[in-house]
Chemist: 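Would you mind keeping the following structure in view while I ask a few things?
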Amino acid sequence: MNLSRFLIIALVFFIIGTVILYTGTNRASFRKVPADNQHKPGHTSQVQEDLSVNLIC
Amino acid sequence: MKIQKIIGWFAVIISVILLFLPRIIPICTGRIDLGGGNFIPMKCHFAYQAEFLITLLAVIFSAGLLVLRTSEARLLAGFLIFLLSAAIVIIPQPWALGICPEGGCQQTTFFEVIAGLMLAVAGIAQVWHVYKARQEETE
């Protein structure tokens, strides 16, 4: 394989990797937020009332 | 098989393993509730997004070891692989981007650091091998 072909393949590989990073295919999908934590207009969940910053892990 | 090719293939395999490691051993998928329905990913998410980009470059440079012909280019590629592997090990450290203290992140980082150190060894071995060959040529 010559260098110019390698550089083209490397560029394509990097672009594909960046697209994978953008779409989130490289990681496990986020856990779904419980329904009671979803923001509803005029309603505030108990968690949000108790803590301004709540860790869901 | 020449030692050059062995080091090159070893670096490629380790880099590809590093690339897929967060899929094989997933990091935690939790998010931080900022209130008002706003959620942001935890810092381990950002750390491993950065790791992915750096590992992409490590795969390219590792493959370069199999393609590059001149000793200077191989020397530079080996040195860059070493620097990238150092970045791979540094990013999950608490004084850099860091990871969350719970969940699968600790396990992922354990294997990430081991693979990163193996990649660093490959980079150093490449640099040492080329440097030694260049010295023998001049003598």
Side-chain angles (χ1 to χ4, degrees), chain A, chain B residues 8 12 15-16 18-70 73-74 77 80 99-106 108:
Chain A
M1 185 189 288
N2 58 15
L3 191 61
S4 58
R5 184 183 285 184
F6 171 74
L7 291 179
I8 291 167
I9 292 170
L11 183 65
V12 170
F13 180 78
F14 188 78
I15 290 168
I16 291 170
T18 310
V19 171
I20 287 170
L21 189 74
Y22 178 76
T23 56
T25 318
N26 62 317
R27 56 175 171 79
S29 52
F30 288 120
R31 201 176 303 166
K32 286 184 179 171
V33 178
D36 62 336
N37 280 350
Q38 296 280 6
H39 177 69
K40 294 168 190 168
H43 294 84
T44 309
S45 72
Q46 189 63 41
V47 175
Q48 286 167 10
E49 284 175 2
D50 293 340
L51 298 166
S52 59
V53 175
N54 179 34
L55 185 68
I56 302 168
C57 188
Chain B
V12 169
S15 305
V16 171
L18 275 168
L19 202 60
F20 290 105
L21 196 67
R23 285 300 287 187
I24 302 164
I25 309 166
I27 56 169
C28 76
T29 52
R31 282 185 285 179
I32 299 170
D33 183 3
L34 296 177
N38 296 320
F39 296 90
I40 59 162
M42 293 170 69
K43 59 183 177 180
C44 37
H45 164 77
F46 297 109
Y48 277 91
Q49 294 290 84
E51 291 272 22
F52 184 81
L53 267 181
I54 290 169
T55 312
L56 268 181
L57 296 176
V59 172
I60 291 169
F61 283 112
S62 301
L65 292 180
L66 302 168
V67 176
L68 297 170
R69 296 273 177 263
T70 63
R74 283 175 174 171
L80 285 173
I99 53 164
C100 70
E102 294 172 13
C105 313
Q106 296 286 343
T108 314

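Per chain, numbering begins at 1; letters A, B, ... match sequence-line order.
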Chemist: Quick check for you: among B:P26, B:P22, B:P41, which has the greatest number of heavy-atom pairs under 4.5 Å with chain A?
Modeler: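 Most pairs with chain A among the choices: B:P41.
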Chemist: Can you tell me which portion of A:F14 sits under 4.5 Å from chain B's heavy atoms? Options are side chain, backbone, both or neither.
Modeler: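 It is both, since atoms from each part get that close.
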Chemist: Check whether any side-chain N or O of B:R31 sits under 3.5 Å from a backbone N or O of B:I40 as a donor-acceptor pair, and report yes or no.
Modeler: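 Such a contact is absent between B:R31 side chain and B:I40 backbone.
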Chemist: Taking all atoms of both residues into account, what is the closest heavy-atom pair of B:Y48 and B:C105, and its distance?
Modeler: OH-O, 4.2 Å
Chemist: Verify, without hydrogens or angle tests, whether B:T108 (side chain) and B:I25 (backbone) share a donor-acceptor contact under 3.5 angstrom.
Modeler: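 The answer is yes, because a donor-acceptor pair under 3.5 Å joins these two groups.
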Chemist: Name the member of B:L68, B:L66, B:L56 that forms the most heavy-atom pairs with chain A at distances under 4.5 Å.
Modeler: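 If we count pairs closer than 4.5 Å to chain A, B:L56 comes out on top.
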Chemist: If I take atom CZ from residue A:F13 and atom OG1 from residue A:T18, how far apart are they, to the nearest 0.5 angstrom?
Modeler: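 Rounded to the nearest 0.5 Å, the CZ-OG1 separation comes to 10.0 Å.
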Chemist: Using heavy-atom distances under 4.5 Å, tell me whether B:A63 contacts chain A through its side chain, its backbone, both, or neither.
Modeler: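 Both backbone and side chain.
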